[in-house]
Asks: 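This is the structure I have questions about; it appears just below.
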There are 2 protein chains.
Amino acid sequence: MTDTKKLGRPRNFDYDEALMQAMSVFWTKGYDGASLRDLTQAMGITGPSLYAAFGDKRELYLKTIDLYADVDGCAPVVAFENEEDITKAIKGFLSEVVHYATEHESGAKGCFLASSVVTTVGQIEGVAERVEAAIEDTEKRLAARFAREIDKCTLPTDFPSRERAALLYDLRQGYMFRGRAGWSGERMQKDVDARVQMLLSY
Amino acid sequence: MTDTKKLGRPRNFDYDEALMQAMSVFWTKGYDGASLRDLTQAMGITGPSLYAAFGDKRELYLKTIDLYADVDGCAPVVAFENEEDITKAIKGFLSEVVHYATEHESGAKGCFLASSVVTTVGQIEGVAERVEAAIEDTEKRLAARFAREIDKCTLPTDFPSRERAALLYDLRQGYMFRGRAGWSGERMQKDVDARVQMLLSY
DNA sequence: CTGATTATATATCGATTGATACATAACTAT
DNA sequence: ATAGTTATGTATCAATCGATATATAATCAG
């Protein structure tokens, strides 16, 4: 049984909350566009506190990427996994994506990975692996949901789960890109139904 | 008849070539990640020459975006427009996209707009309009090619040209994102045929 | 209490950033 | 040849960048 109490002076800020704020800044301004002043101001802490808690700028950046991949960015996937009716599940996923791309509470538009992180691939060590892992993890979860439907016999045994998962992912990326470019949610929502049908056709 | 000869000392560098090099730098490093040193070095000119020829960093950036939208980035679209057989046209488009995303001569991966410019939307004046215009222009050209097929009576009159153009565009963005993330062309090429079929189904 | 440990606040570091002043070079027009 | 115009090369600017040294404050173990 390990002691949870920590030594020394306690933090007077919330670690996770500060990390979320940092993510918003990187999301909006990009890695290089986000200055330490921007970050510390948004996080409500001073420079030395940032360095003590998160390491340098690059380490903080990688932590925000992990936060996005593991928690924030997969909201549509969770919705997809938790809806039993596959038609509603797909529609729910795409609708969540559209909503996410245009109405994120942070004010940032699009997808953190697709709209900001992607720029730093090949420039900052540790980013490329994380982006690739995020793609593969998401597609696996999407494919698994389709496969579950095959088990339920509501989709034929030769239904191409992996291909449709990849397709669903690309539709996600398309909506996220459009959201970043300024498209409204209503505009994108219009052809969701047609796409749902397409994803289930065979 | 206007005189083409210009006054003063002539440039000792090629304007378009330098602009292309600047695009490569922005594409690889992003707007904020690209320093004036990076730019002048790649362009083979000095700072004052850059400012005299292209204006400040932002103006140079916008010029590279226009270059991409008007010339370099639309290569797959041109291939799509120029192939008469619609099946081959779609396959050619997607194959060109995959090739473009992974084998661009500049060494940069993905799509300049989707992989770099998108980060600066909302940060640099003039970028958002350009990205939105690029999407709409491309989709219009893609839709027009489908519409031409309806005129040839090789597609039904109720074929959803606009929706399929949007779909084709999103597949493009998906491939570009994967290319930036490090996916190989071979890997992406695998499900091109299935997608061609899907795009023509009704 | 004392000592150890960790976080905070202030102040500031050298390096790099985007951008420019100045003098010179190369061209056209007359 | 001279004047006008534009580009180049050197040298350098103030501002901002990411990062840290130092001293102080707040907690726990004993």
Side-chain angles (χ1 to χ4, degrees), chain A residues 1-19 21-23 25-26 28-65 116 119-120 123-127, chain B residues 1-19 21-23 25-26 28-65 116 119-120 123-127:
Chain A
M1 183 127 183
T2 55
D3 200 344
T4 64
K5 276 284 176 63
K6 289 173 196 166
L7 256 60
R9 179 175 176 174
R11 289 205 178 94
N12 64 3
F13 68 91
D14 185 273
Y15 183 95
D16 295 320
E17 210 168 298
L19 192 57
Q21 292 301 319
M23 183 183 79
V25 174
F26 283 131
T28 304
K29 304 196 165 191
Y31 178 77
D32 290 297
S35 70
L36 264 295
R37 279 197 80 228
D38 294 329
L39 290 164
T40 54
Q41 191 168 318
M43 297 166 81
I45 61 178
T46 63
S49 291
L50 189 155
Y51 278 82
F54 301 100
D56 63 14
K57 188 185 181 186
R58 176 181 149 274
E59 291 178 80
L60 171 64
Y61 183 56
L62 295 180
K63 285 182 172 70
T64 65
I65 295 176
S116 297
T119 303
T120 60
Q123 294 297 303
I124 296 172
E125 211 180 306
V127 172
Chain B
M1 183 139 180
T2 55
D3 200 344
T4 62
K5 275 284 175 63
K6 289 173 197 166
L7 255 59
R9 179 174 176 174
R11 290 203 178 94
N12 65 2
F13 68 91
D14 186 274
Y15 183 96
D16 295 320
E17 210 168 298
L19 191 57
Q21 292 302 319
M23 183 184 78
V25 175
F26 284 131
T28 304
K29 304 196 166 192
Y31 178 78
D32 290 296
S35 69
L36 264 294
R37 279 197 81 228
D38 294 330
L39 291 165
T40 53
Q41 191 168 317
M43 297 166 82
I45 61 177
T46 63
S49 291
L50 188 154
Y51 278 81
F54 301 99
D56 63 14
K57 189 185 180 185
R58 177 182 149 273
E59 290 179 80
L60 171 64
Y61 183 56
L62 295 180
K63 285 182 170 69
T64 65
I65 295 176
S116 297
T119 304
T120 60
Q123 294 297 303
I124 297 172
E125 211 180 308
V127 172

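This structure is a prediction, so every number in the text was calculated from the model and none was measured. Proteins come first, then strands; the chains are lettered A, B, ... in the order of their sequence lines, and each starts at number 1.
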Asks: Under the side-chain contact (heavy atoms from CB on, under 4.5 Å) rule, what do A/Y61 and A/V127 come out as? Steps first, then yes or no, please.
Replies: CA-CA 9 Å; A/Y61 183 56; A/V127 172; 3.8 Å; yes
Asks: Testing the basics here: between B/K57 and B/Y31, what is the closest heavy-atom pair and its distance to 0.1 Å?
Replies: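 Heavy atoms of B/K57 and B/Y31 come nearest at NZ-O, 2.9 Å.
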Asks: Show every ring pair (Phe, Tyr, Trp, His ring centres under 6.0 Å) that has at least one partner inside residues 39-60 of chain A, sequence neighbours left out.
Replies: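 Qualifying pairs: A/Y15-A/F54.
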Asks: Can you give me every donor-acceptor pair (side chain of residues 40-47 of chain B, partner residue at least two apart or in another chain, under 3.5 Å) with its distance?
Replies:
residue : atom : partner : partner atom : Å
B/T40   : OG1  : B/L36   : O            : 2.9
B/T40   : OG1  : B/R37   : O            : 3.2
B/T46   : OG1  : B/S49   : OG           : 3.3

Asks: State which residues pass salt bridge (Lys or Arg N to Asp or Glu O under 4.0 Å) with A/D38; sequence neighbours excluded, sorted by chain then number.
Replies: A/K29
Asks: Kindly express the pairing pattern of DNA chain D in dot-bracket notation, using | wherever a base pairs with another strand and counting only Watson-Crick or G-U pairs under 3.5 Å.
Replies: ||||||||||||||||||||||||||||||
Asks: Between the protein and nucleotides 14-16 of chain C, which nitrogen or oxygen pairs come in under 3.5 angstrom?
Replies:
none

Asks: If you draw a 6.0 Å radius around CD in B/E59, do more than 12 non-hydrogen atoms from other residues or ligands fall strictly inside?
Replies: yes
Asks: Using only heavy-atom distances, decide whether a donor-acceptor pair under 3.5 angstrom links the side-chain of A/R9 to the base of D/dA25.
Replies: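 Side chain to base: pair found, below 3.5 Å.
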Asks: Rounding to a whole Å, what distance do you find between B/K6:NZ and D/dT8:P?
Replies: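 Distance check: B/K6 NZ to D/dT8 P gives 12 Å.
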Asks: Give the rounded distance in Å between these two atoms: CZ of A/R37 and C1' of D/dT16.
Replies: 9 Å
Asks: Grab the CD1-P distance between B/I124 and C/dG18 for me, whole Å please.
Replies: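 The distance from CD1 of B/I124 to P of C/dG18 comes to 11 Å, rounded to the nearest Å.
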Asks: Do the side chain of A/K63 and the main chain of A/M23 share a donor and acceptor less than 3.5 angstrom apart?
Replies: no
Asks: Pair A/I65, A/F26 - check side-chain contact (heavy atoms from CB on, under 4.5 Å), show working.
Replies: CA-CA 10 Å; A/I65 295 176; A/F26 283 131; over 6 Å; no
Asks: Distance check needed: D/dC17 P versus A/Q41 CD, whole Å only.
Replies: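 So the two atoms are 11 Å apart, to the nearest Å.
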Asks: Any donor and acceptor pair, going by atom type alone, linking the side chain of B/R58 with main-chain N or O of B/E125 inside 3.5 Å?
Replies: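 Confirmed, B/R58 side chain pairs with B/E125 backbone.
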Asks: Give the rounded distance in Å between these two atoms: CG of A/L36 and P of C/dT12.
Replies: 19 Å
Asks: Would you indicate which nucleotide in C/dT8, D/dA7, D/dA29 comes nearest to any side-chain atom of A/L7?
Replies: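 Closest nucleotide to the A/L7 side chain: D/dA29.
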Asks: Take A/D38 and B/N12, find for each the nucleotide of DNA chain D with the closest heavy atom, and name the residue whose nucleotide sits nearer the 5' end.
Replies: B/N12
Asks: Rounded to the nearest 0.5 Å, what's the gap from CG on A/D32 to OG1 on A/T120? Could you check?
Replies: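 If we round to the nearest 0.5 Å, A/D32:CG and A/T120:OG1 are 8.0 Å apart.
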Asks: Rounded to whole angstroms, how far apart are CZ on B/R11 and P on D/dG9?
Replies: 13 Å
Asks: So, B/T119 versus A/S116: side-chain donor-acceptor pair below 3.5 Å or not?
Replies: no
Asks: Where along residues 43-59 of chain B does a heavy atom come under 4.0 Å from DNA chain C, residue by residue in number order?
Replies: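 Here the set is B/P48, B/Y51, B/D56, B/K57.
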